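Right, one structure below, let's go through it.
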Amino acid sequence: FAVGDFREKEYLRKIEQNDTAKEVVAASLYSSGLLTQKQARLLINKNRREFQEILEKHGFPASGHIDEEDFKKLVESHKKL
């Protein structure tokens with residue numbers, strides 16, 4: 001494929017990674033109790049169902065509460081993103 005195609009694909013990949021980072025931040029803030037579910041959803045512009053899927057996708061509990069040790073494990077695993 002052409003150089004332009006490569007740049008476009010690379011740009012789209014970066015946008016996708018950025019969205020994933022936003023999801024992880026919103027889920028982290030919600031799980032640690034710093035945001036309500038509504039605030040976290042508004043931060044990433046998702047509805048309730050989509051937000052629940054995001055929590056599951058990134059390994060956060062659906063209840064929104066997580067203990068400190070599990071939170072540290074999640075943070076470490078998401079640093080690899």
Side-chain angles (χ1 to χ4, degrees):
F1 54 87
V3 173
D5 291 340
F6 176 77
R7 287 185 183 150
E8 183 176 325
K9 287 180 182 183
E10 183 67 19
Y11 179 73
L12 291 174
R13 188 178 65 77
K14 285 182 181 183
I15 290 173
E16 198 172 272
Q17 286 177 340
N18 201 16
D19 286 344
T20 299
K22 288 180 198 176
E23 289 175 358
V24 171
V25 168
S28 296
L29 294 172
Y30 169 66
S31 293
S32 63
L34 296 172
L35 292 180
T36 65
Q37 185 190 80
K38 183 176 182 178
Q39 290 169 327
R41 288 187 296 109
L42 290 172
L43 185 66
I44 56 174
N45 196 29
K46 300 292 181 185
N47 64 37
R48 288 179 196 207
R49 183 185 51 77
E50 292 169 327
F51 189 67
Q52 289 300 316
E53 290 172 1
I54 288 167
L55 290 173
E56 292 172 16
K57 177 171 89 173
H58 296 296
F60 289 94
S63 68
H65 300 291
I66 187 170
D67 68 36
E68 188 174 340
E69 188 167 320
D70 286 341
F71 183 76
K72 287 178 183 176
K73 289 178 186 176
L74 282 169
V75 169
E76 287 301 316
S77 69
H78 285 92
K79 283 183 179 178
K80 298 172 186 171
L81 294 177

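No experiment lies behind these values; they were computed from the predicted model shown.
Ring centroid separation for the pair Tyr30 and Phe60 does not come in under the 6.0 Å cut-off.
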Less than 3.5 Å apart, which donor and acceptor atoms pair up between the side chains of residues 39-46 and the rest of the protein, not counting sequence neighbours?
| from | atom 1 | to | atom 2 | distance (Å) |
| --- | --- | --- | --- | --- |
| Gln39 | OE1 | Thr36 | N | 2.8 |
| Gln39 | OE1 | Thr36 | OG1 | 3.4 |

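Under the salt bridge (Lys or Arg N to Asp or Glu O under 4.0 Å) criterion, the residue pairs touching residues 50-61 are Glu23-Lys57, Arg49-Glu53, with sequence neighbours excluded.
Residues meeting the salt bridge (charged side-chain N to carboxylate O under 4.0 Å, His left out) test with Lys22, sequence neighbours left out: none.
Among all heavy-atom pairs drawn from Leu55 and Ser31, the shortest one is CD2-OG, 4.5 Å.
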